[in-house]
Protein chains: 2
Amino acid sequence: MKKPTLKERIIETALVLFEKNGYHGVTVDQIVTESGSSKGGFYHNFKSKDELLYYIHDVFISYVLEKAREAYDNFDTPVSRLCAMIQSFTKVFDLYKPHITVFYQESMYLTGEFNQQINEKRDDYRKLIIQVIHEGQENGEFRTEVPAEISAMAIIGMVNWTYKWFNKDGPLTIESIALIFNDLLLHSLLTEKAKNQEAVQAFLIKGQPIQK
Amino acid sequence: MKKPTLKERIIETALVLFEKNGYHGVTVDQIVTESGSSKGGFYHNFKSKDELLYYIHDVFISYVLEKAREAYDNFDTPVSRLCAMIQSFTKVFDLYKPHITVFYQESMYLTGEFNQQINEKRDDYRKLIIQVIHEGQENGEFRTEVPAEISAMAIIGMVNWTYKWFNKDGPLTIESIALIFNDLLLHSLLTEKAKNQEAVQAFLIKGQPIQK
DNA sequence: CGTTATGTACCGACTAGTCGGTCTGTTTCC
DNA sequence: GGAAACAGACCGACTAGTCGGTACATAACG
């Protein structure tokens with residue numbers, strides 16, 4: 001493990017502080033003090049406090065988007081693609097919980113240019129989910145009674161909200177939660193016929209309540 | 001319609017501004033100017049900018065909690081209770097969208113006393129949902145493979161997230177969205193046997209995709 | 001009834017403090 | 001020695017909150 005650069009240290013510190021106190025609840029002086037740096041060091045690495053916020057957003061959304069694309073490429077059916085995406089996304093909470101909290105709490109304070117770049121990636125992610133659902137509706141595995149756009153937002157909402165309540169030291173691991181999410185989703189989105197396919201059954205939870 | 005008091009005018013104005021620019025993106029001076037008031041008028045009605053934020057939070061959460069309790073009291077089966085709660089909650093978006101946006105974006109900036117009071121009501125709401133699911137699991141209508149606590153958070157997440165994307169002028173009314181949410185929920189939470197009951201079937205969507 | 005007293009809602013110039021950002025060094029590293 | 005990385009004193013714009021005052025209503029008084 002190579003020793004972290006000042007830039008990395010600043011980002012780490014800011015992340016922890018932002019998660020706890022919000023972007024506006026943390027001053028540059030605090031970040032600088034806590035990271036054992038200085039104003040000079042900070043502004044040498046970032047054009048502004050805004051840019052730091054942008055970096056944090058970008059690291060997270062870029063990672064998630066890439067993982068979703070990988071999930072899409074590595075599987076070849078709508079069900080397995082969707083499940084893989086949900087799993088990879090949910091698992092990100094272990095790694096990037098502070099990023100995610102900041103992402104959803106503070107994105108409105110991103111200005112102009114920064115805001116636009118993040119929004120593009122966010123849109124790409126949403127479109128990818130909608131696309132998978134559409135593909136599933138076309139091949140008859142997904143119910144068509146519910147519009148794909150709404151299903152997508154329901155999914156995204158369910159998963160995203162996890163940042164408000166997930167606790168690493170709680171009774172369930174993030175992996176268990178990901179399994180539950182997949183189970184809930186498939187039960188609500190698939191046709192009865194599709195649910196009976198063997199390949200799908202593997203994603204559903206049977207019998208006893210899931211445990212850690 | 002009686003003419004609004006200054007206090008009401010300030011709250012209305014602040015709501016619109018907060019929704020658009022965030023709590024920290026709006027100054028007291030702006031609120032005062034836009035509402036045709038003054039610093040004095042503002043601080044005569046509110047102890048601080050914080051207290052204004054608290055008021056906005058409280059109006060919304062109190063309303064939602066009351067509606068949920070009504071829903072519980074007016075129905076007598078887990079399924080109908082849950083559906084009624086989801087419907088009343090979802091429909092609130094027409095009425096209180098700015099409150100909700102502020103509620104979820106800015107609640108972290110509520111301090112001490114204020115924060116505590118809001119959290120209590122939020123907890124009460126969550127507990128009520130969990131209770132209904134538990135009751136449904138006990139009478140055999142709800143699946144027991146998934147923990148009630150997680151189901152509850154999945155539901156709350158799905159519904160709450162609506163504030164990020166719902167648009168009054170979009171293709172779907174909030175009532176249609178509420179119906180879809182109920183359909184998705186029941187499909188994922190109920191046992192196969194329960195889904196076939198006539199009383200439950202009424203809450204499910206059949207045939208063609210739902211339209212406005 | 002007219003006048004004075006009193007409470008309440010509201011006004012707006014002012015202030016004390018804060019915080020993002022700059023500027024002038026100093027150190028580190030090639 | 002020169003450039004990049006960093007330190008920290010300093011600045012100025014901005015903002016939540018204050019405070020002395022006004023306008024107006026209702027009540028008390030003679």
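Below, chains carry the letters A, B, ... as their sequence lines are ordered, and counting in each starts from 1.
- Remark: C1' of dA4(D) and CG of Leu6(A) are 13 Å apart, rounded to the nearest angstrom.
- In this structure, Phe42(A) places its CZ atom 15 Å from C1' of dG8(D), rounding to the nearest Å.
- Taking 3.5 Å as the limit, the base of dG17(D) and the side chain of Lys39(B) contain a donor-acceptor pair of atoms between them.
- Atom CD1 in Ile10(A) sits roughly 12 Å away from atom P in dA5(D) (whole-Å rounding).
- Using bins of under 30°, 30° to 60° and over 60° for the plane-to-plane angle, the ring pair His99(B)/Tyr96(B) lands in the perpendicular bin.
- Side-chain nitrogen and oxygen atoms of Thr27(A) include none within less than 4.0 Å of the OP1 or OP2 phosphate oxygen of dC19(C).
- Here dT22(C) presents its P atom at 14 Å from CG of Asp29(A), a figure rounded to the nearest Å.
- Rounded to whole angstrom, the span from the OH atom of Tyr43(A) across to the P atom of dC19(C) amounts to 12 Å.
- Using cut-offs of 30° and 60° on the angle between ring planes, the pair His24(A) and His24(B) is parallel.
- No salt bridge links Arg126(A) with Glu149(A); every basic N to acidic carboxylate O contact stays at or beyond 4.0 Å.
- Residue His44(A) has a polar side-chain atom (N or O) positioned under 4.0 Å from OP1 or OP2 of dA5(D).
- In this structure, the CZ atom of Phe18(A) is 12 Å from the C1' atom of dG20(C), given to the nearest Å.
- The side chain of Ser37(A) places an N or O atom within less than 4.0 Å of a non-bridging phosphate oxygen (OP1 or OP2) of dA7(D).
- Between Gln30(B) atom CD and dG12(C) atom P the separation is 18 Å, expressed in whole Å.
- Comparing Tyr23(A) and Gly40(A) against DNA chain C, the residue whose closest nucleotide sits nearer the 5' end is Tyr23(A).
- Between Asn45(A) and dA5(D) there is no side-chain N or O to OP1 or OP2 distance below 4.0 Å.
- Put simply, CG on Leu52(A) is 11 Å from P on dG21(C), counting in whole angstrom units.
- With salt bridges taken as basic N to acidic carboxylate O contacts below 4.0 Å, one links Asp183(B) and Arg143(A).
- Ion pairing between Lys121(A) and Asp58(A) holds under the 4.0 Å rule for side-chain N and carboxylate O.
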